[in-house]
Amino acid sequence: MTDPLVIFTPSGKRGHFPVGTPILTAARQLGVDLDSVCGGRGICSKCQIAPSYGDFPKHGVTVSDGALSEWNDVEARYDRVRGLKEGRRLGCQAKVMGDIVVDVPPESQVHKQVVRKAASAKPITMDPATRLVMIDVVEPDMHEPSGDLERVADALRDQWDIGPVTARLPVLKALQPALRKGQWQISVAVHHPANSDKAQIVGVWPGLHEGGLYGLAVDLGSTTIAAHLCDLADGSVLASSGLMNPQIRFGEDLMSRVSYVMMNPGGDAEMTGAVQDALNTLAVEIATEAGVDPNLIFETVIVCNPVMHHLLLGIDPVELGQAPFALATSGSLTMDAREIGLTGIAPTAQAYLLPCIAGHVGADAAAVALAEEPNNSNDLALIVDVGTNAEILLGDTNGVLACSSPTGPAFEGAQISAGQRAAPGAIERIEINPDTKEPRFRVIGSDLWSDDPAFDTVPTGICGSGIIEAVAEMRMAGLLDASGLIGSAEATGTSRAEPTGRTHAYLIHDATDQGGPRITVTQGDIRAIQLAKSALYAGARLLMDQRGVEKVDRVVLAGAFGAHISPKHAMVLGMIPDVPLDKVQSAGNAAGHGARIALCNRAARTRIEETVHNIHKVETAIEPKFQEHFVNANAIPHATDPFPELEQVVTLPEVAFGASGSAPGGAGGGRRRRRRG
């Protein structure tokens, strides 16, 4: 009988372990990033984990209630004295009893998340929906009977041309004390949506309020959540932070999460609760980091893909998992933040969600369009926001096309054998000498290359940008052929090409003598990257087909990927169409910047709501040519498309490690002359 399967998220690492194995032991054997400082005695609580139950089609397992051992006295004592979050277990105490999916929450991970989706420094014209004004209010008069709120409304109308206004109960409770303490002079936070005559008072203070007003711009991704805390007076970013999306334990990609909902009644509510809790945690953490009272956060703007959009709102996403991929609503939404579970900020805070473009092209793509404005570009721009789900825009002043492509989590370091999220110790850059086949690398947290005598960091794994560069470097060094096959030691001339059963792996670094892991790129890693990059390239080609063009003028790489990978490596891999390398630009976190624009400028909300209606949506799931493009894009860089611009700067070795031994054709990219039968 096979031992139970243990799957860890978000890393995707898995293995079979005998019944009775502690989860902490399984994590250590697999190299999972699970903290513990007390030696497994149940004292430190660093090893908290969140088990998941139900059917997981993506993982091929069904997790039953008895998959972990029952609570023991150690856990019960810890919960009684210090408290465990609902659904949490101590990894050192919980033992494997059956197949189990285990999520390692951010606070239980040794290496703190590094926010790769940093805020853009692009200027923003300030006109926020929520602003602070000071007013003088007429004192009550026996002869002119009216309520304090009504006289505040009169003052706002007369002194600031704001009105009519409403106020919820928390404001009404604070209004009279503030008026009298301020001697009828108060500061008022007013939320005034674009294209609306009505405004809402969301905060009042006696006299001059000098504590500031703040807003959150949130990029809610499938794998990571990034947030920027902004001053609503000048738009400055006071702090940025991020964490892994806890929904990843229900499925690494969006369709896996939809499948989880289909097969597990109540699964949508589970995921809604998980992401709302994460947003609350992130809001409080980012406010604490900036030294800001969370109760002064009066507005949040959120951008996300359609499935995340529905799960955040508590809407069943099942319709998005089947044609015609209908959204419950595609329009923008303004609501009380507490309606979406944001209880850690001001009780009267407002939330704004940008409009979605289509069933698989969401508010995150709309935010990218707001930030990059392809509709105002004089040259044809391909804008790619790479994540677990890639959003792709192609356009100029003649029109904009949009699609999404399911790249999966490989570009984020998940489902890679030595993969990890971007954290100190993760390999993020790599170069391989084409003659000696020897690598050198850089890790997050150090500016030194590994061949520098002063380099003394023990690498912990490889993140998304690192695995992308590794695969491209292996192709350029002749360790990998155009089909994606890793050669043997004999074929490549290096002992770093190690046999792993019927395939081979390339050894980047062995840190076992330093207490670290052996970091290799396996054939499975190559296949995962091929699948991801093929989906991305196929989506781009589909938009080019629709536009009737064979090439684009420039490529814009958005998101964490765009800021941390070189254009050359992206093109060698065949992630993007062939253009001159100086025409490949990085836009940083364009989705997050679009969220900041919408947070700080009311007119921008109107603008993007109008723009979205004019974007032509292309649904990759039903386009017959998508599969053809996908298959051809499996080759590195491509089976049929020429890459003349790349060939001017890189000569790819014509090597072939398959059974036939025949080298692929094409000087620059391994273009095949015939298809396999």
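This structure is a prediction, so every number in the text was calculated from the model and none was measured.
- Annotation: the span from L393 atom CG to L382 atom CG amounts to 8.5 Å, rounded to 0.5 Å.
- The stretch residues 234-260 participates, sequence neighbours left out, in these ring-ring contact (aromatic ring centres under 6.0 Å, His included) pairs: F56-Y260, F250-Y260.
- The number of heavy-atom neighbours closer than 6.0 Å to CG of D161, taken from other residues, nucleotides and ligands shown, is 12 or below.
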request  = Test side chain to side chain contact (heavy atoms under 4.5 Å, CB included) on L370 and R607 and set out the steps.
outcome  = CA-CA 8 Å; L370 178 59; R607 191 163 67 246; 3.9 Å; yes

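- Taking NE2 from H192 and NZ from K198, the interatomic distance works out to 11.0 Å, rounded to the nearest 0.5 Å.
- Nearest approach of Q350 to T348, heavy atoms of both residues: NE2-O, 3.2 Å.
- The closest donor-acceptor contact from the side chain of W160 to the backbone of M134 lies under 3.5 Å.
- To the nearest 0.5 angstrom, L354 atom CG is 9.5 Å from C304 atom SG.
- S404 is not listed as a side-chain neighbour of I357, based on a closest heavy-atom distance of 4.5 Å or more.
- Here D277 contributes atom CG and L342 contributes atom CG; the two are 10.5 Å apart, rounded to the nearest 0.5 Å.
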Candidate pair V443 and E428, rule side chain to side chain contact (heavy atoms under 4.5 Å, CB included), full reasoning = CA-CA 5 Å; V443 301; E428 64 171 341; over 6 Å; no

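- Looking at residues two or more places apart in sequence or on another chain, you find no ring-ring contact (aromatic ring centres under 6.0 Å, His included) involving Y352.
- Taking every heavy atom of both residues into account, I608 and A369 meet most closely at CD1-CB, 4.2 Å.
- Taking the side chain as every heavy atom from C-beta outward, C463 and I444 approach each other to under 4.5 Å.
- Minimum heavy-atom separation, A274 to R249: CB-NH2, 4.3 Å.
- The backbone N or O of N378 sits nowhere less than 3.5 Å from a side-chain atom of T397 that would complete a donor-acceptor pair.
- By the 4.5 Å heavy-atom criterion applied to side chains, E299 and L216 are not counted as neighbours.
- A distance-only check finds a donor-acceptor pair linking the side chain of N245 to the backbone of G221 [under 3.5 Å].
- Residue A587 comes nearest to E372 through the heavy atom pair CB-OE2, 3.4 Å, listed as atom of the first residue, atom of the second, then distance.
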message = For E210 and S187: C-alpha separation, side-chain torsions, deciding distance, then whether side chain to side chain contact (heavy atoms under 4.5 Å, CB included) applies.
response = CA-CA 9 Å; E210 297 183 295; S187 296; over 6 Å; no

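- Looking at N614 and V400, their side chains never come closer than 4.5 Å, going by heavy atoms from C-beta outward.
- When atom types are taken as modelled, the side chain of Q247 and the backbone of M271 share a donor-acceptor pair closer than 3.5 angstrom.
- No side-chain heavy atom of L401 sits less than 4.5 Å from a side-chain heavy atom of I615.
- Residues S377 and D396 have side chains that never bring a donor and an acceptor to within less than 3.5 angstrom of each other.
- Side-chain contact between L312 and T272 is absent, with no heavy atoms from C-beta onward closer than 4.5 Å.
- When the shell of 6.0 Å around NZ of K583 is examined, it contains 12 or fewer heavy atoms from other residues, nucleotides or ligands.
- A salt bridge links D336 with R168; the closest basic N to acidic carboxylate O contact falls under 4.0 Å.
- Judged by distance alone, the side chain of T288 and the main-chain N or O of V284 form a donor-acceptor pair under 3.5 Å.
- Distance alone, capped at 3.5 Å, places no donor-acceptor pair between the H310 side chain and the L313 backbone.
- Side-chain contact between V618 and I392 is absent, with no heavy-atom pair separated by less than 4.5 Å.
- Side-chain atoms of E609 and S332 include a donor-acceptor pair closer than 3.5 Å.
- The backbone N or O of G341 lies less than 3.5 Å from a partner atom in the side chain of N280, making a donor-acceptor pair.
- Looking only at distances, a side-chain donor or acceptor of N305 sits under 3.5 Å from a matching main-chain atom of M308.
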inquiry  = Pair I340, I302 - check side chain to side chain contact (heavy atoms under 4.5 Å, CB included), show working.
reply    = CA-CA 11 Å; I340 52 174; I302 301 173; 3.8 Å; yes

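- Nearest heavy atoms, A528 versus I416: CB-CD1, 4.2 Å.
- Nearest heavy atoms, T407 versus A532: O-CB, 3.2 Å.
- Looking at R605, its side chain does come within 3.5 Å of a backbone N or O of A598 through a donor-acceptor pair.
- Salt bridge status for D582 with R554: absent, with no side-chain N to carboxylate O gap under 4.0 Å.
- By the neighbour-count criterion of 12 heavy atoms within 6.0 Å, atom CG of D234 is densely surrounded, having more than that number from other residues, nucleotides or ligands.
- With D553 contributing its side chain and L380 its backbone, the two residues share a donor-acceptor pair below 3.5 Å.
- Atom CZ of residue R338 and atom CD1 of residue I345 lie 8.5 Å apart, to the nearest 0.5 angstrom.
- Residues L229 and V237 have side chains not in contact (no heavy-atom distance under 4.5 Å, counting atoms from C-beta outward).
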